[in-house]
Amino acid sequence: MYNKIFKLSLLNIKRNPSKNIINIFIIGIFIWALIISTNLSYLIKEYINYNLFENESTRQVCIDIQHEYTQSNINNIINLFEKYDYVDKVTLDTNESGVTNIKILLKNYQDISKAISDFNTNLNSIINPLDYIIYSEGSTEFQQNISKNLKNILDILTLFITILTFICLNIIVKNSIDERIHEIAIYKSVGYKNKYLFSLVLFELLILITISYIFAMLFSKIVLYFILNFISNKTNITLINYNTFYQYIYPLLLLYFISIFISYLTLFKIKKLSLKILLID
């Protein structure tokens, strides 16, 4: 029975090709925007996680001591750093020119500014301020939370686009049902159960969404490439497009879920439909 319902859904779409092409185009625009926003949000999340947990350079403070000091002095300096609860580990290296390089890895990149201030204050009591240079190799943009702010904006944008997509799909289904109200009544009169009428609405919506999604996904890949280059050039934040399952399947699954919900809403209207409408010209 469901196979017949699916074929009937295809037939209904083919009956009005011009209108459904417009519907596919409109739905495709919303899907394209949804794919772009969810992809960017996901990539920035991966970027943040990488910088917080994997890329040590973004949460590292370096100190170059220009003059040779005794091992006792160096040990005192290392002990000084290790007492801070935001310090993860301290490593030491001395090059051939006698410059001692101390690298202090912090637990969180957000503590870099505080760490530099604390280290400067305490080092001055041990060695000559002119004998050392303290700096961070972390990304300035990352320390200023640009990436996190951008992700928050994209999450809000994704929610807004999702709401607009729901409204758009609901309007398309409503108009379709209103135009075929007599046809739906005939289906009810010949014994079609509510679950089959629900399937009819759902299948038609899923077909339109799937076709729209294919075109939107192909176009979004091209646009996403240019957006990532733009972000990299303007902010020095390098986002890598992993092309994961989540990036492209998640929007489609979300759209399918919305379709099921809209079909249920439509079913309530169909249940209230009176067969008396068949007697009205």
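The shown structure was predicted, so the numbers you read here are calculated from the model rather than taken from an experiment.
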Side-chain contact, heavy-atom cut-off 4.5 Å: Tyr196 with Leu200? no
Go through the steps for Ile177 and Val201 under the test side-chain contact (heavy atoms from CB on, under 4.5 Å), then give the verdict. CA-CA 9 Å; Ile177 295 299; Val201 175; 3.9 Å; yes
Counting neighbours of CZ on Phe215 that are heavy atoms of other residues, nucleotides or ligands and sit closer than 6.0 Å, is the number greater than 12? no
What do you reckon, is NZ of Lys174 surrounded by more than 12 foreign heavy atoms closer than 6.0 Å? no
List the atom of [X], the atom of [Y], and the distance in Å for their closest heavy-atom pair.
X      : Y      : answer
Ile31  : Ile209 : CD1-O, 3.8 Å
Ile260 : Phe198 : O-CE1, 3.9 Å
Ser212 : Ile24  : OG-O, 3.1 Å
Thr38  : Leu34  : OG1-O, 2.8 Å
Ser37  : Ile161 : OG-CD1, 3.9 Å
Ile35  : Ala216 : CD1-C, 4.2 Å

Test side-chain contact (heavy atoms from CB on, under 4.5 Å) applied to Leu169 and Phe30, step by step: CA-CA 10 Å; Leu169 292 175; Phe30 286 101; over 6 Å; no
[atom2] on [Y] to [atom1] on [X], rounded to 0.5 Å:
X      : Y      : atom1 : atom2 : result
Tyr250 : Asn39  : OH    : CG    : 11.5 Å
Asn20  : Arg15  : CG    : CZ    : 10.0 Å
Asn120 : Ile63  : CG    : CD1   : 8.0 Å
Ile27  : Tyr213 : CD1   : OH    : 14.5 Å
Leu267 : Ile262 : CG    : CD1   : 13.5 Å

Run through Ser176, Ser263, Ser259 and flag the one making a side-chain contact (heavy atoms from CB on, under 4.5 Å) with Glu204. Ser176
Among Thr165, Thr210, Leu206, Leu205, find the one that has a side-chain contact (heavy atoms from CB on, under 4.5 Å) with Leu255. Thr165
Would a single hydrophobic cluster contain both [Y] and [X], if residues Ile, Leu, Val, Met, Phe, Trp and Tyr are joined by side-chain heavy-atom contacts under 4.5 Å?
X      : Y      : answer
Phe160 : Trp32  : no
Ile163 : Val173 : yes
Ile22  : Ile211 : no
Leu154 : Leu164 : no
Ile214 : Ile36  : no

Just do the side-chain contact (heavy atoms from CB on, under 4.5 Å) check on Leu40 and Leu224 with the steps written out, would you? CA-CA 8 Å; Leu40 288 176; Leu224 194 61; 3.7 Å; yes
Going through the checks in order, is the side-chain contact (heavy atoms from CB on, under 4.5 Å) test met by Ile258 and Thr162? CA-CA 9 Å; Ile258 292 174; Thr162 302; 3.9 Å; yes
